[in-house]
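The shown structure was predicted, so the numbers you read here are calculated from the model rather than taken from an experiment. Index from 1, following the sequence.
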Amino acid sequence: MKISLDYNNMTNDFIKNGISNNDINNLNEKIKNAVNAISEKRKNGKLDFMELPYNQENVVSEIEKYAKEKINEIEAFVLLGIGGSSLGPMALQQAINSPYYNELSKEQRKTPKFYVVDNVDPEKLVYLFEIIDISKCLFNVISKSGSTSETMSQFMIIVDMLNKKLGKEKAKENIVCTTDKENGNLIKIAKQDGYKTFIIPSGVGGRFSQLTPVGLLPAAFCGIDIRKLLQGAAKMDEICKNEDVYKNPALMYATLHYIGLNRGQNISVLMPYAESLKYISDWYAQLWAESIGKKYNNKGEIVNVGQTPVKALGATDQHSQVQLYMEGPFDKIIVFIEVDKYKKTIEIPKIFEDIPSLGFLGGHTHNKLIQFEKIATEYALQKENRPNMTISIPEVNEFTMGQLFYFFEMATSYMGELLEINAFDQPGVEEGKNSTYALFDRPGYEEKKKEIKESKEKDTNRII
């Protein structure tokens, strides 16, 4: 069971001004260099995310053991994290379990409720406290650096509340930390206060961390088979070892986006036709944007490259976004995700047969309706010469989700090499973090606060 990539509607055989085999073959040297660069970085231990499907037997066993011990002691598993620490776990939970997971009874779930607190909008956390008993929750704080202001501020609030309600010794049983092995504030706090800890490999960045304890731990508490997830990733790794662009789906995905970007298609739309995959688009948006959007290339030259990711959901966004995709600027590549077999089937009853515009639906299923809607949208885009491609998934389960996560991570890595930029750093994000520290008078950021103050003093163009 494996996912596949259909890129017919990207080519000149199907759309006007599409990509030809010659266009791809003319990049042979560049593609070869990209493949070699990734291979070399992997050999040199610079791409640790690629080893995750193989080197975590002890970690997986520890997570399974810990989850088995704790699952029946708690009513809810609450994840404190932001960006790569929250988007992957949310996407996997939505993909595998019921969309109404928390509304199911404990007997139906057999696992704790699952909440993610990422944003620091004060209402989100306060409202959560109105529906949970903190003494019956396990709080998983995720921060590799231990200095993520949003996550650590939430952690500070939770620790204070638990200590006051349960006492410091008992409170530590309600906290589990996912962080770096040696560096940062969180590992120091965890060791000092005796919190259970799982380690994020030092060479794995946040947006590539779904297959580490960042994603594996919450998945295990939600009854998800994390071994099958890693097996799926290993399967995709095997496929992506092929150096032939026509046999390596992640490499082809990156190559087509690279060619498209050079033709002005600077928007990448991810549109799954499955409610279960709704949040994979959110995860993809961070992965693609943070990895590909860079000011400098590897030579230190200013290039300001990038491709804006847009999330959409079929069939919902046929009624909100597709008009733009169909008749707006030729600046987008639409990527569909289709599912061959859904987890559930529901039939449309044969009623209203005297109304031709409704009666034709009777006797069919929603399964068929959503699949036909995807085919129809794909055809309509092709007819308007709008480039699009389709990722096909036999069915959504742990094995195929492992493939999908790894596929996008590899495609992103290849895209970075084709663009000759570093896909694994995020200097633009750091500037915002440092400015936040300065505004809170964090020691060492005095000059940054001075810069911000001087900038705000120039703020004269405002209508009141």
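- Ion pairing between Lys65 and Glu69 holds under the 4.0 Å rule for side-chain N and carboxylate O.
- One finds no salt bridge joining Glu238 and Lys241 here, because no Lys/Arg side-chain nitrogen approaches an Asp/Glu carboxylate oxygen to under 4.0 Å.
- A salt bridge links Glu420 to Lys30: at least one charged side-chain nitrogen sits closer than 4.0 Å to a carboxylate oxygen.
- A side-chain donor from one of Thr377 and Tyr273 sits under 3.5 Å from a side-chain acceptor of the other.
- Between Glu29 and Lys32 no salt bridge is recorded (no basic side-chain N to carboxylate O distance below 4.0 Å).
- A cation-pi arrangement, defined by a distance under 6.0 Å to the six-membered ring centre and an angle within 45 degrees of its axis, is present between Lys196 and Phe198.
- With Ile334 as reference, Val269 is the one residue of Val269, Val310, Ile267, Asn9 to meet the side-chain contact (heavy atoms from CB on, under 4.5 Å) rule.
- Note on residues 26-47: no pairs pass ring-ring contact (aromatic ring centres under 6.0 Å, His included), not counting sequence neighbours.
- A salt bridge links Glu57 with Arg227: at least one charged nitrogen is closer than 4.0 Å to a carboxylate oxygen.
- For Phe139, the ring pair (Phe, Tyr, Trp, His ring centres under 6.0 Å) test picks out no residue, with sequence neighbours left out.
- The pair Lys46-Glu40 does not meet the salt-bridge criterion, since no charged nitrogen lies less than 4.0 angstrom from a carboxylate oxygen.
- Between Lys124 and Asp118, at least one side-chain N (NZ, or NE/NH1/NH2) sits under 4.0 Å from a carboxylate O, which counts as a salt bridge.
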